[in-house]
Each structure stands twice: as C-alpha cells, then as structure tokens.
Amino acid sequence: MNPLYSTYPVHIENSLTGAKEQLVPVSEGHIGMYVCGPTVYSDVHLGNARTFTSFDFIFRYLSHLGYKVRYVRNITDAGHLENDADEGEDKIAKKARLEQLEPMEIVQRYTVDFHKVMDRLGALPPSIEPTATGHIVEQIEMTQAIIDKGWAYESNGSVYFDVDAYNRDGGDYGVLSGRKMDELQSGSRALDGQEEKRNPADFALWKKASPAHIMRWPSPWSVGFPGWHLECSAMSTKYLGEEFDIHGGGMDLKFPHHECEIAQNTATSGKKGAKYWLHANMLTLNGKRMSKSTGNTILPGELFSGNNPLLAKGFRPSVVRFFMMQAHYSSVLDFSNEALLAAEKGHDKLLAAWSKLQGLEASGSGDFDLQAWIDKCYQSLSDNFNSPILIAHLFEAIKLINQNEGSIALSASDLVVFKEKMNAFVFDILGLQMEEGGSAHSEALDKAMDLVIELRAKARENKDWGTADLIRDQLSAAGIKLKDGAEGTSYEI
RNA sequence: GGUUCCGUGGCCGAGUGGCUAGGCACUGGUCUGCAAAACCAGCUACAGCGGUUCGAGUCCGCUCGGAACCUCCA
C-alpha cells in the first residue's frame, strides 16, 4: 500500500520563496524539522504556546501521513543579551541575579514549566530537544569555520559575522526578509559596542564576557558566550544535517534570527539549512502581539484556571487548542474571551459527537460519500496544513452522526473506517483531548448514573416534575448534563 | 522612514478569478411535561474608490484603517 503522503502530497507556503511548493523531502519518506524553541527565562505565555502548538500539529500530521519525522526543537538556555551593548545583560543571568539563583536553576524551573504547559495543550515531545549550553563546542567550531572562510572577524575578543564580505562573495543576506543592505544600515541605531563592528549589520557569533556576565565559556578568542543566532545553526546541522526539510519558528524570528541562521549555514556549508521555512503567526491580545517585555500577555495557566481579569472563566487546554486550530497557523489570531467561549461550544459539540459515534450501529448505506469526505479532509490538511478547513469538514460529519439516534447511515465496513478517521483527525492530528484525568466514564459511575436516570424516568412517568427537575438541576450543578432523547436519556460530563 | 502582511456578515474565522466554508450568536420550526441537546430552515458579507476580465472577496493601482519586523521576544 502506498503511504498516505503519496496519496495526499503536502504543499507548503515557503517563506523563503514566498510561494506554495510541494514538499519533496531531502530523503524519501523522512522529514527533518527544526523549530526554534523558547528562551527559558520566564513563564511561557500563550503566544509562545500558539507557535509550538502549530508546529506540533504539523509534526502530528506529517507523522500521520507516514513520514518518519525527526523533530528537533531547542531550548535556549544561554539567554540572549537584552541589548546590543557590551554592558548588555543576559536575560537568564539577569533573572538569576534578581532571584538570587544559579542561572541553571532559572533554566530548570522554566523548562519544566514549559514542558508542563505544552503537555497540557496536548503537544507531543519533540524527537530531540537540545540546549544551547550543551552545544558550545559545536558553536565554537562553526564560528571558526566562518572565520576560516573569511566571512567573520575577531574584534576585541568578540567575533562578528561580516555581512559585507559575505555578500561581496555572493552571499545573499536579506533573502528571507527581503531587506536590502543599505536600508539596514540607514535604519540601524547607534549603540554602544557598535564600534567593534565593521558594519552595523554585522552580528555576533561569539561575545567576550564582561566581568559581570555569569554564563561564560573559554574559546580561542576570549572567555565568553555564543552569539544570538548561532545555536540554531549549530544544532540543526548537528541533528538534521546541512540540508534538511522544514525550519519553523514564530514570525517575529524571521528577521534577524532566521536571516542570520541562513547566512551562518550558507557560510559554513554552502546550503541554507532548510529547504522550506515556515513561520507561525502571532497571537494578539487586544490587537497587539503578546510579549513578555511589554507585559501584554496571558499565561496558559491563567487561561486554564480563569485567573485573569480578561477572562470570564477558565478554559480547558483542549478548548484552547481547538481555538488555535480554528485559525490558520499563518494568520494572526486575536484572543478574546468571546472567541474562546464560542470555541468551547464548538469543541464540546465535536467531542460529544465523537462520543456518540462510539455507540452507533451501522444502518446500511446512506448518501454520505465517505471516501469523498476523507479525501476532502486530507486535502485540506495537505494544503499548507489548513486546520480550519479540516474542522469545517468535521462539522459536516457531526451532522451525519447526530442525524439519527442509535444508528448511522453508513455500511458496517464504512463505519469502521469512519470511526478510525474521525479518531485520527480529532485526536492524532488536531491533538484534542477528552476530559483530563480519566477520559472514559468509569463503570461504577455509569451504573450509578443508570440508576439516577431510571429514578428520574420513574418520576417523569408519575408526572412528578419536581423530583425530575431536581435531579436534572442538581446533576447539572455538579457538571453532569442529562440529554433526553427519543430512545432514553444519556449523560455527559 | 523601510520591509512584510492584513482589513470578510452581530462576533470569531477559511476562502490559490467562476456554484452555500465552518463555528458561535440570533430567528422560525420539529422533538420535549418544561428545558437542554439534536435535527430542519432562515440570516448571505467581502474597508472605500478606480482598473483588468465574459466574470473579482480572490489580480492591478490609489485612499483610509490595523498588525508584525527593522532592538531580545514564538
């Protein structure tokens, strides 16, 4: 049997070319994907979570298609400098100083937090999650290699990438972001430390540590620390090779981070790293991007608990994920309480239908064209990972599920396939989850509920509406919804 | 100022020139003791102004409004 990826070839919008292209892996049947991970110096906010959720969805889909995916997502644990000056402070080091902790305690705390949040959001762990501090040697080697090519220079113990020299020799710094060198220079600010650079557009590969800088390593040039952009080049090369398939990250990393990565990769190997560059768009709050530095943020924990003035109530992680999946990864998504409430209803409707489906019997064939529906679902996903379109198709299927009580207008063999595909789309690919902590109703609860439902049915028979409504209302207050159907009453938590 | 992008019905949000995206909300109906759920039906938009085309939400130009990036940030 052909793998699914050959039946439904994937097309992706490549930021590098600005075009939608068919995904043709470097190595048939395998995908190498690198995603720029978080800098672990504070709680991951919802905007961060959106990016990683988007790429988790892409990872899940590619895996589902039958690709063997190696998904590398780094942890940046050598904080970037807060500004370009020599006195600039490393974010992690700063936090460590403020909280009187070791930098690695900061890193550990927020790495754990990040993993917890992503786990609750249903994100699978990446195949490899390398850290910047674990790859100092590789970064030093890469820096040396670029110096050897003549596209980097040492200045006062620091090493800078020489953008002019690189471009003079045929480099194309600016390909990704469409920036022109003269514009970059004119727009650049005058900063302390700039005098070390030959050109304001040059960026650091290695920085000499100031006496106050805690995180430091020896190198051929100085005791210092690697530059802002080098870790991703070094680690993606190490684990995925000089040329791999997909490189992802947030839109805000496009320039300068990814631009610099491409330059570093090209300078080292002659290759740009990834063939396809994907950028997940921002999650905005009140029309502005979420940002740690401006404080315009909502933390995932607050969203789950409802403990934030902007929220009327808490939302389950799976609802939050559904909310994100209803928008395309490449579009800006604006966060609001109302949008979450709407998503919650849709999410619950979808999962309720899935639950109902489990108990349905095939009642022969109807006019639902199952294969056509399956094709549409895959085609939407293979068309640049269009989750909103997939969800639209899923709601068509919900109508089919809810059309009848107890049975569904599909043949027995189609029903098996339909269940399998619904399962794949809803859980394996979109990554939604049934209630946290014991999804299935326990047998004991089922029996107890059967009893309660029977008692209420008796009361209703006797037209004892007071008792019947008391049962319904009390259960509802306890979070259990009764649904009276033509063929009896069912319940939902 | 430069680069990139967006502006879709009450709200969210897809739409890669040619038939109804979808969700939420709302209205009417079916069902129900009442309700909820579900189903059926209705609500049919593309910021404005020009242009290209047999035909434009979709292409081009201008205007207005908004966002991201140009400085660490997903």
Side-chain angles (χ1 to χ4, degrees), chain A residues 11 13 15 18-20 35-39 41-42 44-55 76 79-85 88-91 174 177-180 182-184 186-189 191 228 248-257 279-284 287-294 322-323 326-328 330-336 338-347 349-350 352-353 356 380 383-384 386-396 398-399 401-405 460 463-465 468-469 472-473 476 481-486 490 492:
Chain A
H11 292 257
E13 182 83 29
S15 302
K20 194 178 281 186
V35 171
C36 294
T39 304
Y41 70 98
S42 67
V44 55
H45 65 68
L46 198 63
N48 295 297
R50 184 196 180 195
T51 295
F52 302 124
T53 302
S54 294
F55 286 105
T76 296
H80 302 298
L81 289 191
E82 290 218 312
N83 60 49
D84 213 352
E89 198 166 9
D90 182 305
K91 281 178 176 173
S177 55
R179 285 177 165 81
K180 307 274 185 295
D182 45 346
E183 287 159 5
L184 281 172
S186 62
S188 176
R189 293 190 309 176
L191 290 163
W228 305 263
M251 198 70 100
D252 51 344
L253 297 184
K254 199 170 180 181
F255 187 90
H257 184 62
H279 288 96
N281 220 321
M282 300 293 100
L283 178 67
T284 58
K288 300 262 189 242
R289 72 170 286 203
M290 284 197 196
S291 162
K292 288 175 192 176
S293 46
T294 60
F322 182 76
F323 164 69
Q326 272 193 307
H328 193 259
S330 68
S331 298
V332 174
L333 173 62
D334 193 44
F335 177 92
S336 72
E338 291 70 31
L340 256 299
L341 283 168
E344 182 174 52
K345 293 210 173 180
H347 168 271
K349 186 173 169 180
L350 175 61
K356 183 183 174 191
S380 62
D383 183 9
N384 200 24
N386 201 324
S387 54
I389 297 284
L390 171 71
I391 290 171
H393 294 323
L394 292 183
F395 276 98
E396 279 176 41
I398 288 174
K399 281 200 202 285
I401 292 169
N402 284 329
Q403 218 120 45
N404 301 303
E405 288 295 321
R460 293 175 72 200
K463 301 203 188 306
D464 179 2
W465 309 129
D469 289 352
R472 185 174 65 198
D473 295 345
S476 170
K481 246 192 293 183
L482 290 183
K483 297 204 280 192
D484 294 333
S490 60
E492 198 175 281

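The figures here come from the full heavy-atom set of this structure, side chains too, leaving out hydrogens, waters and symmetry mates. Chain identifiers are assigned alphabetically (A, B, ...) following the order of the sequence lines, protein sequences preceding nucleic acid strands; residue numbering begins at 1 within each chain.
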message: So, under a plain 3.5 Å distance rule, would you say the side chain of A:Asp334 forms a donor-acceptor pair with the base of B:G66?
response: no
message: Nearest whole Å is fine: how far is B:A68 P from A:Phe255 CZ?
response: 17 Å
query: Taking for each residue the nucleotide of RNA chain B bearing the nearest heavy atom, is the 5' side occupied by A:Asp469 or by A:Lys356?
result: A:Asp469
message: Rounded to whole Å, please give me the gap between CZ in A:Arg179 and C1' in B:C5.
response: 12 Å
- request: Can you check whether any acceptor in the base of B:C73 is under 3.5 Å from a donor in the side chain of A:Ser291, or vice versa?
  value: yes
message: Take N1-N3 plus N6-O4 or O6-N4 for Watson-Crick, N1-O2 plus O6-N3 for G-U, both under 3.5 Å. Which runs of 3 or more such pairs involve RNA chain B?
response: B:1-7 with B:64-70, B:10-12 with B:22-24, B:26-30 with B:38-42, B:47-51 with B:59-63
statement: Rounded to whole Å, the NE2-P distance (A:His279 to B:U3) equals 19 Å
field: Polar pair under 3.5 Å, donor/acceptor by atom type, side chain A:Arg472, base B:A35
entry: yes
field: Atom pair distance, as rounded to whole Å: CZ in A:Arg50 and C1' in B:A68
entry: 13 Å
query: NA contact type, A:Ala327, heavy-atom cut-off 4.0 Å: base, sugar-phosphate, or nothing?
result: sugar-phosphate
Every protein N/O lying under 3.5 Å from an N/O of nucleotides 19-24 of chain B:
none

- prompt: Once you round it to whole Å, what is the distance between C1' of B:A67 and NZ of A:Lys254?
  reply: 14 Å
statement: A:Asn402 atom CG is separated from B:C31 atom C1', nearest whole Å, by 14 Å
